[in-house]
Amino acid sequence: METRTLGRLTVPAQGLGCMGMSEFYGTGDQAEAERTIQRALDLGVTFLDTADMYGPFTNERLVGKAIAGRRDEVVLATKFGNERGEDGSFLGINGRPDYVRRACDASLQRLGVDVIDLYYQHRVDATVPVEDTWGALGELVEAGKVRHAGISEAAPETIRRAHAVQPVTAVQTEYSLWTRDPEDDGVLATCAELGIGFVAYSPIGRGFLSGRIRSLDDLAPDDFRRNNPRFQGENFARNLELVDRVREIADEKGVTATQLALAWVMAQSDRGGSPAGGGGAGRPVIVPIPGTKRVAYLEENAAAADVRLTDDDLRRLDEAAPVGATAGDRYPDMSSVHR
C-alpha cells in the first residue's frame, strides 16, 4: 500500500473506518471484526479510525484488543465531542476544555495505548469558542498524549481558527461520488491552502455506491440508514440511477463499483497534475477510510488502491455523478455539520 502525508503524518493511501463493527450498521460479529482489523494490518491498511461515541465506547475497546501486540504498525485515530452516556443516550456536543482532557484519558485507557496518533474534534460545539477547544488539544499534544490533532465536519473559517491555535493535521468530512460538497463549500480549498490533509469518510456513500443495496429490505431492521433521507422514497429511486451509471463504468473497467468509487476518491489528490500523493492544484492530500466489518469486503476495498483511472474515466464519472446530483440530505438533522 502506497503512503500519503496528511500534514506531517504519514499514513497509507487508504484507511479503515471501524464504526460499523460496533453500531449503526446492524448487528456486528466481534470475532469477525477483530479478524478484519488484523487482516487490514497484514495488507498495509494500518490507518484505523474509531471514536469514543461508537458503541458507545465499545469500538475503542475492540480496536485496542485487535491491535494488541501490533501497536507500532498502526496509525491510530479516534475522536471526542459527541458525548454519550453508558446507556447509549446522546448527551450533546461537548467542546469544553475540561471535557477534552477527560475524554482523551478515557480513550487512551479503552484503547490500551499511551498516545493517540490523530485525535479529532468529532463535531464543533457551537457554544464553546473553537480556540478554547483547540487550546486544550494543544495541551494534550504538549503532554505527549496526542501526536496530531484533527477536526471533523468543520466549516472553512472554523478550520482556520483552529489551525491558528494548534496545527490541524487533518480534516475529516464525508466525501464520495455522491457527496461532493467539500469541492463546492471551500473545505478542500482551505485544506490545500493551509497544508492540511483531508480524510474522506463514507467514501462508498454509506455502502450505496457498492450497488448491493437495491431496497430497504437489504438493510437490517436496526440499520441507521433506514432513517437517512438519501435512502427514502423518491430520493432512493433517483440515487439508484446514479449508482447504476457508476456501476456501468466499473463493469467496463473490470472492477467492482466499490473499487471504482474508492479509486475516484484517491484520484482526487492528484487532480491538477501533481505527483501521486502530493495533492493537486487546489486539492489537498486525500485519504479515504471505507468502513467494513468483514474480511472479504476489506480485501475488495484494499484492492482499489491498484485501480488507475484515466482522464477519460474521471470525466465520465464527473458526468455520471456531478456535484449536487444526489437526492436528499446527508443526515436527517444537518445542524451539527459544517459549523
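Numbers for residues simply follow the sequence, beginning at 1.
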With sequence neighbours excluded, tell me which residues meet salt bridge (charged side-chain N to carboxylate O under 4.0 Å, His left out) with D117.
-> R71, R147
Derivation and outcome, salt bridge (charged side-chain N to carboxylate O under 4.0 Å, His left out), residues R102 and D98 = CA-CA 6 Å; R102 291 199 314 272; D98 61 330; 3.3 Å; yes
Side-chain touch P284/I196, heavy atoms, less than 4.5 angstrom = no
For G95 and V100, which heavy atoms make the closest approach, and how far apart are they?
-> O-CG2, 4.0 Å
Taking everything shown except D312 itself, do over 12 heavy atoms lie less than 6.0 Å from its CG?
-> yes
Only one of I286, V171, T169, V168 passes side chain to side chain contact (heavy atoms under 4.5 Å, CB included) with L6, and that residue is T169
Okay, side chain of R84, backbone of M53: is any donor-acceptor separation there less than 3.5 Å?
-> yes
May I ask you to check whether S336 and E153 show a side-chain donor-acceptor distance below 3.5 Å?
-> no
Between the side chain of T50 and the main-chain N/O of T78, is any donor-acceptor distance below 3.5 Å?
-> no
Write out all pairs satisfying ring-ring contact (aromatic ring centres under 6.0 Å, His included) with one or both partners inside residues 235-262, taking only residues at least two apart or from two chains.
-> F208-F236
Atom pair CD (E34) and CD1 (I67), whose distance is rounded to the nearest 0.5 Å | 11.5 Å
Over all heavy atoms of both residues, which pair between V287 and P12 is shortest? Give the atoms and the distance, please.
-> CG1-O, 3.5 Å
Salt bridge (charged side-chain N to carboxylate O under 4.0 Å, His left out) partners for E248, two or more places apart = none
Stepwise, does the salt bridge (charged side-chain N to carboxylate O under 4.0 Å, His left out) test hold for R161 with E131?
-> CA-CA 7 Å; R161 290 169 56 194; E131 290 83 358; 2.8 Å; yes
When clusters are formed by joining ILVMFWY residues with side-chain heavy atoms under 4.5 Å apart, either directly or through shared neighbours, do V295 and I204 land in the same one?
-> no
Check V165 against G135 and note the closest heavy-atom contact, atom names and distance.
-> CG1-N, 3.7 Å
Calculate, to the nearest 0.5 Å, the distance between atoms CD and CG belonging to Q38 and L298 respectively.
-> 11.5 Å
Quick one: do D49 and K79 satisfy salt bridge (charged side-chain N to carboxylate O under 4.0 Å, His left out)? Show the steps, please.
-> CA-CA 9 Å; D49 185 272; K79 312 178 196 74; 2.5 Å; yes
Before accepting this row, confirm whether a basic side-chain N of the pair E193/R160 lies closer than 4.0 Å to the acidic partner's carboxylate O.
-> yes
Verify same cluster id: L194, V130 (apolar side-chain graph, 4.5 Å) | yes
When you look at E183 and R180, which way does the salt bridge (charged side-chain N to carboxylate O under 4.0 Å, His left out) test go after all the steps?
-> CA-CA 6 Å; E183 298 174 22; R180 299 185 60 172; 2.9 Å; yes
Can T179 and E174 be counted as having a side-chain donor-acceptor contact under 3.5 angstrom?
-> yes
Are any of the side-chain heavy atoms of Y119 and V141 separated by less than 4.5 Å?
-> no
Cluster check L41, Y297: I/L/V/M/F/W/Y, side chain < 4.5 angstrom = no
Run the salt-bridge test on D132 and R96 with the 4.0 Å N-O cut-off and return the result as yes or no.
-> no
Residue pair L108 / K145, side-chain heavy-atom distance below 4.5 Å = yes
Contact check, side chains of Q14 and N301, non-hydrogen atoms, under 4.5 Å | yes
Does T326 reach the main-chain N or O of W178 with its side chain, forming a donor-acceptor pair under 3.5 Å?
-> yes
Sorted by chain and residue number, the ring-ring contact (aromatic ring centres under 6.0 Å, His included) partners of Y54 (sequence neighbours excluded) come out as H122
Any chance CD of Q109 has more than 12 other-residue heavy atoms, nucleotides or ligands included, within less than 6.0 Å?
-> no
Considering all heavy atoms, the nearest A327-N235 contact | CB-OD1, 3.4 Å
Linking I/L/V/M/F/W/Y whenever their side-chain heavy atoms sit closer than 4.5 Å, directly or via other members, would V246 and L240 fall into one cluster?
-> yes
In terms of side-chain geometry, is the basic nitrogen of R214 or D244 positioned less than 4.0 Å from the acidic oxygen of its partner?
-> yes
Would you check if there is a donor-acceptor pair between the side chains of S89 and D87 at a distance under 3.5 Å?
-> yes
Y331 six-ring face occupied by R206 cation (under 6.0 Å, within 45°) = yes
Nearest 0.5 Å, what's the CD1-CZ distance between I93 and F80?
-> 11.5 Å
NZ/NE/NH1/NH2 to OD/OE distance under 4.0 Å, R101 and D105 | no
Would you find a donor on one side and an acceptor on the other, under 3.5 Å apart, between the side chain of D329 and the backbone of P332?
-> no
Nearest-0.5 Å distance, CG of residue L62 to CG of residue L48 = 10.0 Å
Taking the side chain as every heavy atom from C-beta outward, state whether L76 and V113 have any pair of such atoms under 4.5 Å apart.
-> yes
d(R225 CZ, D222 CG) to nearest 0.5 Å is 10.5 Å
Tightest non-hydrogen contact, residues R247 and G211, listed as NH1-O, 3.9 Å
State plainly whether one hydrophobic cluster holds both L43 and V74, where clusters connect Ile, Leu, Val, Met, Phe, Trp and Tyr through side-chain heavy atoms under 4.5 angstrom apart.
-> yes
Contacts of R226 that satisfy side-chain contact (heavy atoms from CB on, under 4.5 Å) - sequence neighbours left out | L216, L219
May I ask you to test the V187-H338 pair for a side-chain heavy-atom distance under 4.5 Å?
-> yes
Indicate whether any N or O donor in one side chain lies under 3.5 Å from an N or O acceptor in the other, for Q259 and D306.
-> no
Shortest non-hydrogen contact from S152 to R123?
-> OG-NH1, 3.4 Å
Could you tell me whether the side chain of S210 and the main chain of R212 form a donor-acceptor pair under 3.5 Å?
-> yes
Partners meeting side-chain contact (heavy atoms from CB on, under 4.5 Å) with R61 (sequence neighbours left out) | F57, T58, R110
S22 side chain to M19 backbone, donor-acceptor under 3.5 Å = no
Do other residues, nucleotides or ligands put more than 12 heavy atoms under 6.0 Å from K65 NZ?
-> no
Would you tell me whether E300 and T256 have side-chain atoms, one donor and one acceptor, within less than 3.5 Å of each other?
-> yes
CZ/R316 to OG1/T310 distance, rounded to the nearest 0.5 angstrom?
-> 9.0 Å
F198 side chain near R283 side chain, heavy-atom distance below 4.5 Å | no
How about R4 and T10: do any of their side-chain heavy atoms sit closer than 4.5 Å?
-> no
N-O pairing of R39 and E299 below 4.0 Å | yes
Side-chain donor-acceptor contact under 3.5 Å, D52 with S107 = no
